[in-house]
Every structure is written in C-alpha cells, then in structure tokens.
Amino acid sequence: MREQYRSYALGTQPKWLSEYISSIDFDLYICEYVLDVLREHVKELRRQGYVSENSEMELIRAIDDFDCTARLKGYEDVHEAIEYFVSKLTNAGKWLNLGKSRNDQVATALRARNKEEILDAIDSIRILILEFLSKASAYEDVPFPTFTHFQHAQPTTFGHYLLSFAEELVDLIDGLKYAYEISDLCPYGSAAVAGSTVRLDRIRVCKNLKFKNVAFNTIYATTSRNFILVSLDSISQVTSVLLRFIEDMFLYSNPALNLVEVPSSHAGTSSIMPHKRNPATLEIARAELLKVYFIREYAYALLKGLPSGYALDLQQLSPVVWEAYRTFRRSVTVISDFVREVEIGDGIKDIWKYPLRAADLAEAISVSKGVPFRDAYATVARGLKEGKSVEELSKEVLGIELPDPITSRRNAGSPGNLDPIKRKVIERLRKIICETSARWNELI
Ligand code: ARG
C-alpha cells in the first residue's frame with residue numbers, strides 16, 4: 001500500500017467510489033502530453049521567479065523520471081499520480097500546482113494529443129488517396145459501368161470511378177485541417193476556470209508547447225471540447241465516403257456482376273461452401289467504422305446541457321475519442337490495402353449487354369440529325385422497348401456504329417478525362433499537407 005499521501009484534500013472516499021471516478025486507466029493516452037505541460041510550467045515558474053533554479057532542476061528531473069507505462073493504481077488521475085511521484089522525489093513538488101489546475105492542464109494535453117491524432121488521420125487518408133490514384137492510373141482506359149439507383153447507367157472507365165474517391169477525400173481533408181487549427185489553441189494558464197493571480201506568460205508557454213496560439217478566454221479554454229466535435233465530424237464525413245466505397249465493393253464483387261475481384265488476402269471462406277470468396281475484411285471495416293458515428297453521437301450527447309466551467313463528465317470523453325481515431329485509422333489502412341490489391345473481374349466483358357450507351361445514342365441522334373433531344377430520346381426508348389440493342393438501333397437510325405464512349409466523352413471535354421482530376425488531387429494534397437505540418441513535406 002502506498003503511504004497515505006494525497007495531493008488533493010481527498011481521502012474520505014471509499015475505494016470503490018474513488019475508482020468509479022478515476023480516469024487513471026485511460027489517462028495513459030495523454031500522459032506524455034501532461035508531462036510536457038508540466039515541464040513548461042515549471043520553467044515558467046522559474047522564469048517568473050516563483051521557484052529557484054535548483055527547484056526547477058529537481059522538478060524537471062522528477063517529471064522526466066515519471067513512467068507513463070507503469071501500472072498506476074489508486075490515483076484519481078494521472079495529474080495526481082505525477083504530483084505524488086514528483087513530491088516524493090523533491091520537496092519542490094509542492095510548488096508544482098502553483099498557478100495551474102488539472103482543468104487547464106488536461107484541456108491542453110487533450111488538444112495536443114488531438115492534434116497528433118488529426119495528423120495521423122490525415123496521413124492515413126493521404127495514403128488511401130495515393131492508392132486510389134495509382135490504381136486509377138493502371139485502369140485509366142478500362143471501360144466500367146456506372147449505376148444510378150443501382151441500375152446500369154452510363155459507361156465510364158474504372159479509373160474514372162476510382163478517382164471519384166480520391167477527389168472527394170482530398171476535398172474532405174480541408175475539414176480535418178480545420179479540426180487541426182481549432183485544436184491548435186492552447187488553454188494553458190487558464191487554471192480552474194477564471195485564470196489565476198499568479199503571473200504566467202501564457203503565450204510564451206503555449207508557443208513552447210508547439211501551439212499556434214492561445215485559447216484566450218479562460219472559461220472557453222477550460223470548458224470547451226468543441227475541437228473534439230469538429231474532429232469527429234470531419235472523420236465522420238470521411239467515414240461516409242469509405243462506407244460507400246465498401247458498399248460498392250460488395251455489390252461489384254457479387255458473382256452476378258463480377259466487376260471487381262476480392263483480393264484473396266481480403267477474402268473469407270466458408271466452412272461448408274467451397275466456392276465462397278467473401279469480402280471479409282470490408283465487412284469488418286463496415287462494422288468498425290460505425291463506431292466513429294456512435295462516438296461522435298456520444299460526444300454530442302455528453303456535451304449537451306453542460307454548464308460553463310469544467311465538469312467531470314468531460315473526462316469520460318477521453319477514452320472513446322481515442323478509440324474513434326484508432327478504429328478509423330485501422331479501417332482506412334485495411335481499405336488502402338484492398339485498393340492496392342483489387343483487380344477488375346471477368347464480368348467486365350459483359351457490360352455492353354446492358355444498354356449503358358442508350359443516352360449516348362440519343363445524344364448522337366439529336367446532335368448529328370438536328371433532332372430535339374426529347375424526340376431522339378423517344379426514338380431510342382421505343383427501339384429498346386421493341387427489344388433492339390443500342391448497337392442495332394445505332395446502325396438503324398444513324399447508319400453507323402456508335403463511336404467509342406470513352407473517347408467521345410474525352411473529346412467532348414467531359415470529366416472522363418482523368419488528368420485534370422489527378423492534377424487537382426495531387427496539388428491539393430500537397431498544399432493541405434504542407435500547410436498542416438512540416439512533418440510531411442518530404443513525403444509527397
Ligand atoms: N481527470 C480529469 C480529466 O481527465 C481531470 C481532473 C479534473 N478534475 C477536477 N475535479 N476538476 O478530465
């Protein structure tokens with residue numbers, strides 16, 4: 001049993017209730033960031049003349065010695081554990097809390113960790129986008145059907161289809177960048193809620209903690225967890241794109257269509273049906289990604305109706321938020337690998353069985369014969385109803401075969417031309433990532 005020292009005036013609670021309110025198990029996730037805050041705080045206390053150079057040295061050494069991976073039990077939270085540990089090593093430990101509270105400390109650590117999570121999320125999306133880009137280049141000219149209402153619609157290429165995800169994802173990265181920016185405002189120096197009477201240079205400490213700026217209003221700084229909502233919103237938006245891709249893969253890989261082949265590394269088998277090749281990893285990813293939505297909902301619900309100023313409810317956000325990021329990143333990694341491995345299926349040979357070019361024919365009749373589009377449309381609709389194919393109708397009405405759907409789209413300047421999409425994706429990716437963090441300048 002540790003000696004009965006409590007940093008705070010507690011000690012009257014039975015163990016089971018103090019365990020009930022403890023965050024020590026999940027404080028592990030922010031422990032290193034808390035230590036960073038404390039180191040900078042101690043330096044500031046010395047600069048302002050509250051503690052001596054010697055105390056500063058002893059305090060920093062004790063903080064450095066704190067082991068975040070050690071099994072910490074019996075503390076209300078990591079803040080208490082550190083103060084206890086430091087105070088055992090040096091008498092100066094009793095100065096540690098001058099001018100700060102756990103409330104500004106935890107809010108600062110959460111924002112610092114959140115920034116890292118956002119960067120990691122952006123990084124995982126960056127890799128996925130690059131996979132989409134390179135697979136799209138490999139399949140740039142391979143015809144592929146599109147669907148509306150999940151009925152055959154118009155022809156395109158597999159490359160065009162894949163780039164739709166690259167472009168949407170790169171647009172959504174802006175949301176993550178905003179989540180980063182709003183997390184980059186530092187609560188340090190706000191104390192419990194209304195600041196303190198101790199002279200501290202918030203801006204200096206916040207800069208040393210690698211924050212862009214200070215969250216000026218101390219009540220805002222200690223109360224708000226909106227940076228978490230914004231972050232969960234932005235990864236939820238990406239999640240919705242991922243879920244759509246996953247759903248497409250289920251449909252396109254169905255043997256009735258066989259437009260894509262589930263890579264064997266991603267396929268599950270059946271214990272009884274020898275022919276099965278189930279899209280197993282994507283099924284898990286579909287289920288896992290839903291946690292992002294649930295956690296986002298939980299965060300909104302938790303923050304609803306909380307008054308200004310810290311409340312312990314806020315602590316309960318911590319473990320689930322990190323879980324959302326972890327789940328998100330793992331799923332993105334699985335999907336990236338799927339995109340790298342996926343190949344086109346044999347069903348691609350049969351796509352012209354469907355009247356994918358019906359609209360192309362109506363357009364060709366309208367443009368080449370000077371017939372209003374609606375009339376040309378009616379001609380094609382009538383012919384199809386009579387059981388004729390688009391190809392037969394083309395010969396019958398136009399006297400020629402329909403031109404190649406891909407070339408005619410490209411000639412018409414339609415976005416079937418992939419180069420501008422690729423350029424946009426690469427340019428934006430590079431810009432966003434360079435602006436967000438120097439950490440990736442060398443990566444793309
Ligand atoms: N453990 C808390 C958290 O993770 C910080 C402590 C704030 N407690 C308090 N009584 N003000 O948010």
Side-chain angles (χ1 to χ4, degrees), residues 25-26 120-121 123-125 127-132 134-136 138-139 142-153 158-159 161-162 164-166 168-169 232 235-298 319-354:
D25 289 337
F26 48 83
D120 287 347
D123 199 33
S124 66
I125 300 165
I127 291 167
L128 176 59
I129 292 172
L130 292 177
E131 293 298 348
F132 274 123
S134 87
K135 187 82 1 162
Y139 284 108
V142 176
F144 202 72
T146 56
F147 300 87
T148 58
H149 314 272
F150 198 57
Q151 306 280 323
H152 286 81
F158 193 39
Y161 166 76
L162 292 167
S164 71
F165 293 100
E168 186 167 12
L169 289 172
L232 293 176
I235 63 167
S236 296
Q237 285 151 11
V238 174
T239 295
S240 108
V241 179
L242 302 179
L243 288 172
R244 178 177 352 119
F245 175 71
I246 289 175
E247 213 54 41
D248 279 355
M249 290 304 105
F250 292 148
L251 296 167
Y252 296 177
S253 67
N254 181 292
L257 280 177
N258 198 15
L259 295 170
V260 298
E261 252 181 51
V262 176
S264 43
S265 52
H266 285 260
T269 50
S270 155
S271 63
I272 178 170
M273 297 171 284
H275 67 286
K276 283 293 236 170
R277 203 183 159 88
N278 301 322
T281 57
L282 294 190
E283 285 179 320
I284 298 295
R286 175 169 59 177
E288 281 287 291
L289 280 167
L290 295 187
K291 288 185 189 160
V292 175
Y293 289 165
F294 271 91
I295 291 168
R296 174 186 171 279
E297 285 305 304
Y298 176 69
V320 290
V321 170
W322 315 131
E323 171 66 14
Y325 287 120
R326 203 175 68 93
T327 304
F328 177 80
R329 266 199 325 271
R330 280 175 73 209
S331 309
V332 175
T333 306
V334 168
I335 297 168
S336 294
D337 191 73
F338 184 97
V339 175
R340 189 177 316 126
E341 300 292 328
V342 74
E343 297 299 340
I344 212 110
D346 264 358
I348 212 73
K349 296 203 285 280
D350 300 326
I351 62 173
W352 305 115
K353 281 197 320 212
Y354 303 93

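Count residues from 1 along the sequence. Quick caveat: nothing in here was measured; it's all calculated off a predicted structure.
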Undergrad: Report yes if some heavy atom in the side chain of S124 is under 4.5 Å from a heavy atom in the side chain of F328; otherwise report no.
TA: yes
Undergrad: Would a 4.5 Å heavy-atom cut-off, applied to side chains only, mark V262 and M249 as touching?
TA: no
Undergrad: Using the rule given for ring-ring contact (aromatic ring centres under 6.0 Å, His included), can you reason through F250 versus F245, listing the C-alpha separation, both sets of side-chain angles and the distance that settles it, and then say yes or no?
TA: CA-CA 9 Å; F250 292 148; F245 175 71; 9.8 Å; no
Undergrad: List the atom of S264, the atom of R277, and the distance in Å for their closest heavy-atom pair.
TA: N-NH2, 3.5 Å
Undergrad: If we only count heavy atoms from C-beta on, is the I344 to E261 side-chain gap below 4.5 Å?
TA: no
Undergrad: Between R244 and E168, is there a side-chain N and carboxylate O pair less than 4.0 Å apart?
TA: yes
Undergrad: So, do V332 and S336 sit near enough that their side-chain heavy atoms are less than 4.5 Å apart?
TA: yes
Undergrad: Tell me, do S265 and E341 make a side-chain contact under 4.5 Å, heavy atoms counted?
TA: yes
Undergrad: From the options Y252, Y161, Y354, select the one residue that forms a ring-ring contact (aromatic ring centres under 6.0 Å, His included) with F147.
TA: Y252
Undergrad: Near R330 CZ, under 6.0 Å, is it more than 12 heavy atoms from other residues, nucleotides or ligands?
TA: no
Undergrad: Given side chains that start at C-beta, do those of N278 and T269 come closer than 4.5 Å, heavy atoms only?
TA: no
Undergrad: When rounded to the nearest 0.5 angstrom, what distance separates NE2 in H152 from OG1 in T148?
TA: 11.0 Å
Undergrad: Run the side-chain contact (heavy atoms from CB on, under 4.5 Å) check on I246 and L289 step by step: do they pass?
TA: CA-CA 11 Å; I246 289 175; L289 280 167; 4.0 Å; yes
Undergrad: For the CG atom of L259 and the CG atom of L251, what is their distance to the nearest 0.5 Å?
TA: 10.0 Å
Undergrad: Working note: I351 + F144, criterion side-chain contact (heavy atoms from CB on, under 4.5 Å); need CA distance, chi angles, decisive distance, verdict.
TA: CA-CA 7 Å; I351 62 173; F144 202 72; 5.6 Å; no
Undergrad: Would you compute the distance between atom CD1 of I129 and atom OG of S134 and round it to the nearest 0.5 angstrom?
TA: 12.5 Å
Undergrad: Can you confirm whether L128 sits close enough to L242 that some side-chain heavy atom of one is under 4.5 Å from a side-chain heavy atom of the other?
TA: yes
Undergrad: Do Y325 and D120 touch side chain to side chain, with heavy atoms closer than 4.5 Å?
TA: no
Undergrad: To the nearest 0.5 Å, what is the distance between NZ on K349 and CG on N258?
TA: 8.5 Å
Undergrad: Roughly how far, to the nearest 0.5 Å, is the CG atom of L257 from the CD1 atom of I348?
TA: 9.5 Å
Undergrad: Show the numbers, then the answer: is there a side-chain contact (heavy atoms from CB on, under 4.5 Å) between V334 and F338?
TA: CA-CA 6 Å; V334 168; F338 184 97; 5.6 Å; no
Undergrad: Give me the atom names and distance for the closest heavy-atom approach of L232 to A324.
TA: CD2-CB, 3.8 Å
Undergrad: When you look at E288 and R326, which way does the salt bridge (charged side-chain N to carboxylate O under 4.0 Å, His left out) test go after all the steps?
TA: CA-CA 10 Å; E288 281 287 291; R326 203 175 68 93; over 6 Å; no
Undergrad: Yes or no on side-chain contact (heavy atoms from CB on, under 4.5 Å) for F165 and D248, after CA distance, side-chain angles and deciding distance?
TA: CA-CA 12 Å; F165 293 100; D248 279 355; 3.7 Å; yes
Undergrad: Just by modelled atom types, is the R340 backbone N or O under 3.5 Å from a matching donor or acceptor in the K135 side chain?
TA: yes
Undergrad: How long is the span from the CZ atom in F26 to the CD atom in E323, to the nearest 0.5 Å?
TA: 13.0 Å
